[in-house]
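As structure tokens, the structure follows; a few thoughts come after it.
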There are 2 protein chains.
Amino acid sequence: MASPVGTPAGLPTRMSADARRAQLIEVGWELLQSRPIHEMPLDEVAAAAGISRTLLFHYFPTKADFYLAVVATMGERLLRPPRIPAGAAPVERIRALVDGFVRLVERNRLSYTALVRGAGGGDQRVVDLIASTRDALVPRWLDAAGRENASALTRLALRGWLVGMEETVIAWDPQSVPRDELVNHLTASFLTELELAEGRH
Amino acid sequence: MASPVGTPAGLPTRMSADARRAQLIEVGWELLQSRPIHEMPLDEVAAAAGISRTLLFHYFPTKADFYLAVVATMGERLLRPPRIPAGAAPVERIRALVDGFVRLVERNRLSYTALVRGAGGGDQRVVDLIASTRDALVPRWLDAAGRENASALTRLALRGWLVGMEETVIAWDPQSVPRDELVNHLTASFLTELELAEGRH
DNA sequence: AGCGTGTGTTGACAGATGCTCAACGACACG
DNA sequence: CGTGTCGTTGAGCATCTGTCAACACACGCT
């Protein structure tokens, strides 16, 4: 067995509770990127961390809890809101958000898909987590566009638009569509969709 | 145990191979609507069908194979293309497609979400199946809009749009957004998105 | 220093589930 | 009536999740 992840050289096994938790989440995250959750035995997580399986259950009562913790932690880390130019026009601010997301996927394609893949994993709490994460995104984008008090239709439509954008960027092949073209289109698409939804509320 | 599903009264156990396969898929489909795949033990499927677990493995070599068969069969049944008015204008034809999908979700919300939920189930073949099903949808919508030879960006954008629409309709709450408003918006949104994508290819 | 308490840690065990194997039995056909 | 094909099954194996009781190391108290 290779030396445990997150420990200097396999020697020290005893850790503080917080450090252990963090390490386990880190290890789980590594493994999750190469295989879906139900193909990831806790045995392997424990082995990769250099501890016994039992200890894992000491920190996370069930496998689902562990999975939820991993997804929640990494979701926060990945979706940390990008900086948007404060004084710029709405177009530029939206473009910044789009560009930020495209860059996110470019850099972490594997991680990101692994994260979203979890939505179907089956655990209701994970589904809810992803749903609420998406919900939280809508006001942020609305804010960047300089809108407030959006109608129900607007919020619904933008939520759908965001999911569509996710899919678009993930399915995007840089060889057939240049990056600029993608970002331009998505930016214009968002603003158009917003106007359309607001125009008839 | 209740009388097996798909048999007259629990009496006859022996069936033709095709009938048995169909019955098992039907049973699996019923159970899939109330819980995700990995919470559906094959024991229960077998019990619900009134057969032994072993027989299930006789027809489907692995659980994943069984699941794939269920998703494929039901996907075809659900996504049977709706009739679109032949001579009508593109707007009306797109509206017909949108309306058809909304109705589909209205009638089979549970089934539909159960089906898509499988995307994350982890089996690569199921993921591919759903992806290719979505891909196949793009030309159909393009066709209804009277477009051909779409650019790569157009196809990519519309694929994303379709996924966004899926999400929108599933998340739609009829109490806060009237049905007409939803259909109108989605119809206009599609056409706008199409124009936008084509305008700069 | 000695000792006890808290807590990180573990091996052994139990229950569930995917999957295999060898055999049984009913129906068709010569 | 014999024979073989094929639907069917019970028993068994391997893997994985989750439990339990006990061990060991650190720290506070006298």
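Letters A, B, ... are given to chains in the order of the sequence lines, protein chains preceding strands, and every chain is numbered from 1. It should be emphasised that the depicted structure is a prediction, and the values quoted were computed from it without experimental measurement.
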Starting from [atom2] on [N], measure out to [atom1] on [X] and report it in whole angstrom.
| X | N | atom1 | atom2 | result |
| --- | --- | --- | --- | --- |
| B:Arg21 | D:dC6 | CZ | C1' | 16 Å |
| B:Leu55 | C:dC24 | CG | P | 18 Å |
| A:Ile51 | C:dT7 | CD1 | C1' | 15 Å |
| A:Leu56 | C:dG11 | CG | P | 14 Å |
| B:Glu39 | C:dA16 | CD | P | 16 Å |

*Answer yes or no: does a side-chain N or O of B:His58 lie under 4.0 Å from OP1 or OP2 of D:dG7?*
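It does, given that an N or O in the side chain of B:His58 lies less than 4.0 Å from OP1 or OP2 of D:dG7.
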*Are B:Thr62 and B:Asp65 close enough that a side-chain donor and a side-chain acceptor fall under 3.5 Å?*
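Yes, B:Asp65 and B:Thr62 have a side-chain donor paired with an acceptor closer than 3.5 Å.
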*Looking at A:Arg147 and A:Asp143, does any basic side-chain N land under 4.0 Å from a carboxylate oxygen?*
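The answer is no: the pair does not qualify as a salt bridge.
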_B:Glu193 with B:Arg155: basic N within carboxylate O range, under 4.0 Å_ =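 Judged by the 4.0 Å cut-off on N to carboxylate O distance, B:Glu193 and B:Arg155 do not form a salt bridge.
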_Exercise: identify the closest heavy-atom pair between B:Leu97 and B:Pro82_ =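 That would be CD2-CG, 3.8 Å.
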*What nucleic acid atoms does A:Tyr59 come within less than 4.0 Å of, heavy atoms only: base, sugar-phosphate, or nothing?*
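The answer is sugar-phosphate, as A:Tyr59 gets under 4.0 Å only of primed atoms, P, OP1 or OP2.
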*Looking for any heavy atom pair under 4.0 Å, which part of the strands does A:Phe60 touch: base, sugar-phosphate only, or nothing?*
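No contact.
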Output a table of nitrogen or oxygen pairs between the protein and nucleotides 17-20 of chain D separated by less than 3.5 Å.
unit_1: D:dT17; atom_1: OP1; unit_2: A:Leu42; atom_2: N; d: 3.4
unit_1: D:dT17; atom_1: OP1; unit_2: A:Lys63; atom_2: NZ; d: 2.8
unit_1: D:dT17; atom_1: OP2; unit_2: A:Leu42; atom_2: N; d: 3.2
unit_1: D:dG18; atom_1: OP2; unit_2: A:Lys63; atom_2: N; d: 2.6
unit_1: D:dG18; atom_1: O6; unit_2: A:Arg53; atom_2: NH2; d: 2.8

*Does B:Trp161 have its ring centroid less than 6.0 Å away from the ring centroid of B:Trp141?*
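Centroid distance B:Trp161-B:Trp141: below 6.0 Å, so yes.
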*Give a yes or no on this: more than 12 heavy atoms of other residues, nucleotides or ligands lie within 6.0 Å of atom CZ of B:Arg107.*
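Result for CZ/B:Arg107: open.
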